[in-house]
Amino acid sequence: QVQLVESGGGLVQAGGSLRLSCAASGRTVSNYYMGWFRQAPGKEREFVAAIRWSGASTYYGNPAKGRFTISRDIAKNTVYLQMNSLKPEDTAVYYCAADLSRVVSTSAAEYDYWGQGTQVTVSS
């Protein structure tokens with residue numbers, strides 16, 4: 001079992017920044033992929049970014065390119081999502097997830113463990 005706990009969401013004005021954190025515990029997540037997804041009301045869950053725990057290869061979905069950065073701190077077992085230049089359309093619940101398949105995926109269905117989500121609201 002892997003437990004994931006997100007934090008760092010909140011209300012921010014357009015153009016502002018937030019850093020989300022995802023603390024992992026339980027079964028070791030080394031060699032796995034950690035991803036961030038988001039889901040706005042009435043919309044499907046959307047891939048934001050992923051990182052390979054060992055080696056730190058990163059992958060980004062269209063919403064994140066050029067504005068968001070995913071990173072990890074092995075010592076703290078924590079994955080981060082730095083979000084800059086936020087827009088109102090970034091408003092969503094952001095979820096952290098772990099993919100144990102050792103193959104990066106942008107599909108939510110491929111991820112095995114999920115956090116409870118953290119709300120990000122960007123005001124115009």
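Hydrogens, waters and symmetry mates are skipped; everything else that's a heavy atom, side chains included, is used. Owing to the predicted nature of the structure, the values given are computational and were not obtained by experimental measurement.
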Asks: Check A40 against A92 and note the closest heavy-atom contact, atom names and distance.
Replies: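 A40 and A92 have their closest heavy atoms at N-CB, 3.8 Å.
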Asks: Where do K43 and Q39 come nearest, in terms of heavy atoms and distance?
Replies: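 Closest approach of K43 to Q39, heavy atoms only: O-NE2, 3.1 Å.
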Asks: Would you call E6 and Q116 a side-chain contact if the rule is heavy atoms closer than 4.5 Å?
Replies: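 With C-beta onward as the side chain, the pair touches.
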Asks: Would you list the pairs meeting ring pair (Phe, Tyr, Trp, His ring centres under 6.0 Å) in which at least one residue belongs to residues 81-115, sequence neighbours left out?
Replies: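 Applying ring pair (Phe, Tyr, Trp, His ring centres under 6.0 Å) to every pair that reaches into residues 81-115, excluding sequence neighbours, yields F37-Y111, F37-W114.
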Asks: With side chains defined as the heavy atoms from C-beta onward, is the minimum distance between T118 and L20 less than 4.5 Å?
Replies: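 Yes, their side chains come closer than 4.5 Å.
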Asks: Please determine whether side-chain contact (heavy atoms from CB on, under 4.5 Å) holds for the pair Q119 and T91, giving the CA-CA distance in whole Å, both sets of side-chain angles, and the decisive distance to 0.1 Å.
Replies: CA-CA 8 Å; Q119 176 70 47; T91 295; 4.0 Å; yes
Asks: Could you measure the distance from the CZ atom of R52 to the CD1 atom of I70? Nearest 0.5 Å is fine.
Replies: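 One gets 14.0 Å once the value is rounded to the nearest 0.5 Å.
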Asks: With a 4.5 Å cut-off on side-chain heavy-atom distances among I, L, V, M, F, W and Y, is there a chain of contacts connecting F68 to V120?
Replies: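 The answer is yes; both residues are in one hydrophobic cluster.
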Asks: Could you tell me whether the side chain of T78 and the main chain of A23 form a donor-acceptor pair under 3.5 Å?
Replies: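 Not a single qualifying donor-acceptor pair exists.
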Asks: Indicate yes or no: at least one non-hydrogen side-chain atom of T69 is less than 4.5 angstrom from one of Y60.
Replies: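 In contact.
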Asks: In the structure I gave you, are the side-chain heavy atoms of R38 and D90 within less than 4.5 Å of one another anywhere?
Replies: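 In contact.
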Asks: Tell me whether L11 shares a hydrophobic cluster with L86, the cluster being built from Ile, Leu, Val, Met, Phe, Trp, Tyr side chains joined at under 4.5 Å.
Replies: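 No.
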Asks: Between V48 and L81, is any pair of side-chain heavy atoms under 4.5 Å apart?
Replies: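 Contact flag for V48/L81 side chains = yes.
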Asks: Do Q82 and S71 touch side chain to side chain, with heavy atoms closer than 4.5 Å?
Replies: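 Q82 does not reach S71 side chain to side chain.
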Asks: Return yes when atom CD of Q13 has more than 12 non-hydrogen atoms of other residues, nucleotides or ligands closer than 6.0 Å, and no otherwise.
Replies: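 No, because the 6.0 Å sphere around CD of Q13 holds 12 heavy atoms or fewer from other groups.
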Asks: Within a strict 4.5 Å, meaning less than it, do heavy atoms of the C22 and M34 side chains meet?
Replies: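 C22 reaches M34 side chain to side chain.
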Asks: Do S17 and N84 pair up side chain to side chain, a donor and an acceptor below 3.5 Å, judged on atom types alone?
Replies: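 Judged by distance alone, the side chains do pair up.
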Asks: How far apart are the closest heavy atoms of R45 and A108, and which atoms are they?
Replies: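 Minimum heavy-atom contact is CD-CB, 4.4 Å.
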Asks: Using the rule that Ile, Leu, Val, Met, Phe, Trp and Tyr join whenever any side-chain heavy atoms are under 4.5 Å apart, tell me whether W36 and W53 fall into a single cluster.
Replies: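 Yes; tracing contacts between hydrophobic side chains, which count when under 4.5 Å, links both residues.
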Asks: For the residue pair L100 and D112, what are the closest heavy atoms and their distance?
Replies: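 Shortest heavy-atom separation between L100 and D112 comes out as N-OD2, 2.8 Å.
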Asks: What's the shortest heavy-atom distance between S107 and S105, and which atoms?
Replies: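 What the structure gives for the nearest pair is N-OG, 3.0 Å.
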Asks: Check the hydrophobic clustering (I, L, V, M, F, W, Y; side-chain heavy atoms under 4.5 Å; chains of links allowed) and say if V5 and V79 are grouped together.
Replies: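 Shared cluster, no.
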Asks: Output the distance between atom OH (Y33) and atom OG (S57), rounded to the nearest 0.5 Å.
Replies: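 Separation between the atoms: 6.0 Å.
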Asks: Under the side-chain contact (heavy atoms from CB on, under 4.5 Å) criterion, do Y80 and D73 qualify, and how do the steps go?
Replies: CA-CA 8 Å; Y80 303 99; D73 185 327; 3.8 Å; yes
Asks: Keeping the roles fixed (side chain from S101, backbone from D99), state whether a donor-acceptor pair exists under 3.5 Å.
Replies: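 No, because the side chain of S101 does not come within donor-acceptor range (under 3.5 Å) of the backbone of D99.
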Asks: Considering all heavy atoms of both residues, which atom of Y59 and which atom of V104 are nearest to each other, and what is their separation?
Replies: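 Taking every non-hydrogen atom into account, CD1-CG2, 3.5 Å.
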